[in-house]
Asks: 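Following this message is one structure expressed as structure tokens.
First listed ligand is number 1; within each ligand, the first listed atom is number 1.
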Amino acid sequence: MIKAITGTKDILPVDISKWHYLEKLLRETFQLFNYKEIRTPIFEETALFARGIGEETDIVSKEMYTFKDRSETSITLRPENTAGVVRSFIEQSLGAQQSLNKLYYIGPMFRQERPQAGRLRQFHQFGAEALGSTSPLLDAEMIQVAYHILKNLGLKNLVVKINSLGIPEVRENYKNVLRDYLKDKKDNLSEESRKRFETNILRIFDSKIEVDQTIMKNAPLLIDYLDEQSKNDFEVVKNYLAKVGIQFEVDPALVRGLDYYTKTTFEIVSGSVGAQSALCGGGRYDLLVEELGGKQTPGVGFAAGMERILLACENEKSLNLPQDSIDVYLIRVDSKTEQNLEPALSAGRLDLKLELEIISLSSKLRQEYISCDYDYLNRSIKAQMREANKFNAKYVVFIGGDEFNRGELNVKNLSNGEQQLINIEDFEKLKSIIKS
Ligand code: HAM
């Protein structure tokens with residue numbers, strides 16, 4: 001049997017209402033903050049991610065789904081959407097049409113990581129990018145948007161972590177300070193961190209390994225080496241968050257795994273999802289547009305993992321979704337189905353007049369936006385009733401038998417059991433009962 005690829009997941013009808021609920025909340029929230037949706041392709045040229053995210057990052061060096069297409073172009077399934085949005089911003093000259101572009105996206109991303117709870121190889125992100133302003137108010141707005149969404153999902157166990165990585169010159173200078181600090185401790189670091197010492201020294205802060213953490217506990221912190229502008233901007237972010245009632249922690253070790261960040265970085269973590277606790281992450285990237293060949297344009301953004309968020313909602317039982325239902329289930333009262341004939345036997349013996357009446361009625365109901373369904377399997381009345389209950393039908397309409405011959409329908413309200421006979425021609429009456 002062919003199975004789904006490791007780390008990918010089917011989203012089945014029983015779970016889809018959570019996704020619809022989340023997607024509706026996202027669109028409403030982005031509308032509230034005046035962000036416009038952008039949809040970029042799921043695959044791009046590999047060079048975009050290598051240059052945008054950074055060759056030495058875990059994403060680019062180990063996790064990308066990269067392949068040559070038939071014309072020998074190296075293609076990569078997008079591991080994130082910031083690089084794609086920036087590519088589109090440059091290519092479509094969005095900056096020429098609008099001085100500040102506030103954009104959002106929702107869609108699948110791909111990373112070949114080791115799957116575990118909350119970590120998949122195809123996962124979904126929603127995110128936002130604002131291109132065109134250096135204002136730290138926008139950094140804080142990003143945090144506010146993400147927080148607004150998570151709070152409105154009923155999540156409680158949240159911590160907002162913020163940090164500043166400063167401007168590149170400061171960071172380069174600080175890397176030397178860190179290198180000096182680690183020089184004589186290097187041999188005690190884990191193998192992974194020894195590698196990072198050479199390639200991406202800041203990421204040693206991300207290590208979950210105890211020896212590394214012990215060594216990094218006393219390391220000098222970038223936040224103590226910030227330039228004036230970065231320091232001031234960071235204060236603005238903190239003041240904004242305090243003003244709108246969002247509690248936060250300053251986490252000087254929050255370096256993030258992508259190379260494009262400058263100044264503010266942030267994550268919102270949840271205590272309800274286990275090891276993969278970051279529900280969202282983001283920050284400012286004032287050099288990325290230029291790096292990818294555009295005019296100098298500052299940017300800031302975030303992305304959030306939708307599977308992880310829904311897992312947190314499930315663990316906190318924070319969503320109270322209405323059950324799926326339909327308005328009406330039409331039940332065929334047919335002497336043949338009543339005898340409970342095998343479908344194969346009864347198939348050729350449809351009462352065409354009755355079937356056509358059901359088809360006509362269902363069609364009229366749907367025209368009026370009343371949802372309905374009926375049986376295609378020639379099942380008994382009892383089995384059709386079971387089906388109506390399974391779909392949480394609000395009403396059933398019995399069509400057939402003596403009543404049908406007299407030109408009547410029997411409408412039953414399944415929540416209180418009340419039944420009414422109505423004239424088959426009187427559609428207005430049927431409609432008013434169901435819509436009441
Ligand atoms: P990121 O931190 O790599 O940032 O991913 C953002 C979020 O996506 C994570 O916090 C997590 O919730 C989710 N996520 C990442 N990898 C997986 C996975 N394998 N399975 C499930 N969920 C996952 C970015 O992607 C940046 N583009 C964010 C950004 C936008 N920065 C500025 N603008």
Asks: Under a 4.0 angstrom heavy-atom cut-off, which atoms of ligand 1 come close to L279?
Replies: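 Counting from 1, the qualifying ligand atoms are 10 (O), 12 (O).
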
Asks: Say whether E113, considering both its backbone and side-chain N or O atoms, lies within less than 3.5 Å of an N or O atom on ligand 1.
Replies: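 For ligand 1, there is an N or O atom that lies under 3.5 Å from one belonging to E113.
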
Asks: Between E80 and ligand 1, does any nitrogen or oxygen pair lie at a separation below 3.5 Å?
Replies: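 Yes; the residue has a nitrogen or oxygen that sits under 3.5 Å from a nitrogen or oxygen of the ligand.
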
Asks: Take atom CD of Q296 as the centre, draw a 6.0 Å sphere, and report whether it contains more than 12 heavy atoms from other residues, nucleotides or ligands.
Replies: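 Atom CD in Q296 is not crowded, with 12 or fewer foreign heavy atoms closer than 6.0 Å.
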
Asks: With backbone taken as N, CA, C and O and side chain as the heavy atoms from C-beta onward, which portion of R256 lies under 4.0 Å from ligand 1: side chain, backbone, both, or neither?
Replies: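 For R256, only side-chain atoms sit under 4.0 Å from ligand 1.
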
Asks: Under 4.0 Å from a heavy atom of G118: give me the atoms of ligand 1 that qualify, with their elements.
Replies: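 Answer for ligand 1: 20 (N), 21 (C), 22 (N).
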
Asks: Are K185 and Y181 in a cation-pi contact, defined as NZ or CZ under 6.0 Å from the six-membered ring centre and within 45° of the axis?
Replies: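 Yes, K185 and Y181 form such a contact.
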
Asks: Can Y35 and E141 be said to form a side-chain hydrogen bond (donor to acceptor under 3.5 Å, both in side chains), step by step?
Replies: CA-CA 11 Å; Y35 284 70; E141 181 176 281; 2.6 Å; yes

Asks: Would you check the N or O atoms of E307, main chain and side chain alike, for any that come under 3.5 Å of an N or O of ligand 1?
Replies: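 No, there is no polar N/O contact under 3.5 Å.
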
Asks: Give yes or no for whether the N/O distance cutoff of 3.5 Å, strictly under, is met between A278 and ligand 1.
Replies: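 Yes, at least one N or O pair falls under 3.5 Å.
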
Asks: Check this for me - ligand 1, Y261, N or O atoms closer than 3.5 angstrom, yes or no?
Replies: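 Yes, since at least one N or O of Y261 sits under 3.5 Å from an N or O of ligand 1.
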
Asks: Between K161 and E249, is there a salt bridge with N-O shorter than 4.0 Å?
Replies: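 A salt bridge is absent here (no side-chain N lies under 4.0 Å from a carboxylate O).
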
Asks: Mark up the atoms of ligand 1 that fall under 4.0 Å of a heavy atom belonging to G281, in ascending order.
Replies: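 Once the distances to G281 are compared, the set is 10 (O), 28 (C), 29 (C).
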
Asks: Distance under 4.0 Å to a non-hydrogen atom of G282: what atoms of ligand 1 satisfy this?
Replies: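 Answer, ordered by atom number: 31 (N).
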
Asks: State whether the shortest distance between N or O atoms of N81 and N or O atoms of ligand 1 falls below 3.5 angstrom.
Replies: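 In this structure, N81 places no N or O atom under 3.5 Å from an N or O of ligand 1.
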
Asks: Determine, for K186 against E198, whether the closest basic-nitrogen to carboxylate-oxygen distance falls under 4.0 angstrom.
Replies: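 Yes, K186 and E198 are salt-bridged.
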
Asks: Using a strict 4.0 Å threshold on nitrogen-to-oxygen distance, state whether D58 and R196 make a salt bridge.
Replies: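 Salt bridge flag = yes for R196 with D58.
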
Asks: Among I5, D10, T6, find the one that has a side-chain contact (heavy atoms from CB on, under 4.5 Å) with T8.
Replies: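 Among I5, D10, T6, the one meeting side-chain contact (heavy atoms from CB on, under 4.5 Å) with T8 is I5.
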
Asks: Backbone or side chain, does any N or O of A128 fall under 3.5 Å from an N or O of ligand 1?
Replies: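 For ligand 1, there is no N or O atom that lies under 3.5 Å from one belonging to A128.
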
Asks: Is the ring centre of Y261 less than 6.0 Å from the ring centre of Y285?
Replies: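 When the ring centroids of Y261 and Y285 are compared, they turn out to be at least 6.0 Å apart.
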
Asks: Between L120 and ligand 1, is there a nitrogen or oxygen pair with a distance under 3.5 Å?
Replies: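 Such a contact does occur with ligand 1.
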
